[in-house]
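Working notes for the structure below.
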2 protein chains.
Amino acid sequence: MSEAIRELLKKNHMSVTDSRLQILDLFYHAPGALAHADIEKKASDKIDRVTIYRTLQTFEEKGIIHTIPSSDNSVKYALCKDQCAAGHHHDNHVHFVCDNCSKTICLDDVLVPEVKLPGGFEPHQSNMVVNGLCNECRS
Amino acid sequence: MSEAIRELLKKNHMSVTDSRLQILDLFYHAPGALAHADIEKKASDKIDRVTIYRTLQTFEEKGIIHTIPSSDNSVKYALCKDQCAAGHHHDNHVHFVCDNCSKTICLDDVLVPEVKLPGGFEPHQSNMVVNGLCNECRS
DNA sequence: ATAAAATTTGCAACATAATTGCAAAATTGT
DNA sequence: ACAATTTTGCAATTATGTTGCAAATTTTAT
């Protein structure tokens, strides 16, 4: 198990360190996306705040995780599913944020639709976040 | 001019104060969305930081402005165009963020398309942000 | 296996951003 | 014009994010 994670780091030319293994592990076992604060809590005092910031940053640069925008100053991060496939896939899927449990989920199979922009605007990237009730909270 | 703004405040059961008039005025004359920091600079030292926070919060609660999500912990606010119309209109338009000048613009005429969610998910609200080059930066 | 080179970590200091309580000031309703 | 209500500004506090640097760890080359 942990072996796969090591490979992932190596493949991306990153040193294999404790913090990175731990944080990646958190992502693999998390029910949804994680914010910096979540990691800080879960990885309990073994990892320095600064290290978490830097780790998230490099993970993002390497395309291992991606950010999920939010409306309340609390960016979350999630694993890039297709990371293991050939290079940076950067697929554009929709994200879901539950209004009840506030879990943030990648809807990997729902792609962000194209929209027609007014003349002069040149799109490069799109993000879509849907709020509502997740499958678990709609009991 | 300022009279319209006063009316807007009254209509929403808010006291008409200097700070509010000033901040609303900023929004009406801004080229795009504004972040807390923008307001703090432009309203230059007359208005307390805390007042700005509270004003933005109440404006949002009253449906006068809305937030635009971002991927970098920097929420921006923009006027709700249809606010003056019958009650909270809450139309769902697409937002555009320029990668070059980083202006954030409401594309009031481009509506967020519907997407089909996996079973069990109940959508309430959708947000879509497109990054790229704005009409002015694509000279 | 070991030593040198390169990378990463943790600490400390700092900078910025956001929240809260409360008294003073301003606004509203009568 | 006055009392009641709301809003503001200040001070204090907490949370969030960044930077430089020396020590520790990991990698690479021998």
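A note on names: the letters A, B, ... follow the listed sequences, proteins ahead of strands, and every chain is numbered from 1.
Taking a heavy-atom distance under 4.0 Å as the criterion, the stretch of DNA chain D touched by chain A extends 5' to 3' from D:dT16 to D:dT27.
If you measure from atom NZ of B:K46 to atom P of C:dA26, you get 14 Å, rounded to the nearest angstrom. Here the P atom of nucleotide C:dA17 and the CG atom of B:D38 are 11 Å apart, to the nearest Å. For the pair B:R6 CZ and C:dT27 C1', the computed distance is 11 Å after rounding to whole Å. Protein atom CZ of A:R20 is 11 Å distant from nucleotide atom P of C:dT7, rounded to whole Å. Atom CG in B:D18 sits roughly 7 Å away from atom P in C:dT27 (whole-Å rounding). Atom CG in A:D72 sits roughly 10 Å away from atom P in C:dT19 (whole-Å rounding). Following rounding to the nearest Å, B:K11 (NZ) and C:dT28 (P) show an atom-to-atom distance of 17 Å. Per the geometry, CG belonging to A:L9 stands 16 Å off P belonging to C:dT7, to the nearest Å.
Looking only at side-chain heavy atoms (C-beta outward), B:Q22 and B:I47 come within less than 4.5 Å of each other. At a threshold of 4.5 Å between non-hydrogen side-chain atoms, the residues B:L56 and B:I39 count as touching.
Non-hydrogen atoms lying under 4.0 Å from DNA chain C are contributed by B:R49, B:V50, B:Y53, B:R54, all within residues 49-58 of chain B.
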_Pair A:H93, A:M128 - check side-chain contact (heavy atoms from CB on, under 4.5 Å), show working._
CA-CA 8 Å; A:H93 57 267; A:M128 184 162 172; over 6 Å; no
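Interatomic distance, A:T51 OG1 to A:K46 NZ, rounded to the nearest 0.5 Å: 14.5 Å. With values rounded to the nearest 0.5 angstrom, B:D108 atom CG is found 4.0 Å from B:K81 atom NZ. Here CD of B:E122 is found 12.5 Å from CG of A:N131. Values are rounded to the nearest 0.5 Å.
For A:S19 and B:T17, each mapped to the nucleotide of DNA chain C holding its nearest heavy atom, the one lying further toward the 5' end belongs to A:S19. Along DNA chain C, the nucleotide nearest to B:V16 and the one nearest to B:A37 differ in position, and the one closer to the 5' end is contacted by B:A37.
Scanning for ring-ring contact (aromatic ring centres under 6.0 Å, His included) contacts around B:F96 gives A:F121, with sequence neighbours left out.
Taking the six-membered ring where the residue is Trp, the centroids of B:H36 and B:Y53 are separated by under 6.0 Å.
B:V130 is not connected to B:V97 by any chain of hydrophobic side-chain contacts under 4.5 Å among Ile, Leu, Val, Met, Phe, Trp and Tyr, and they are in different clusters.
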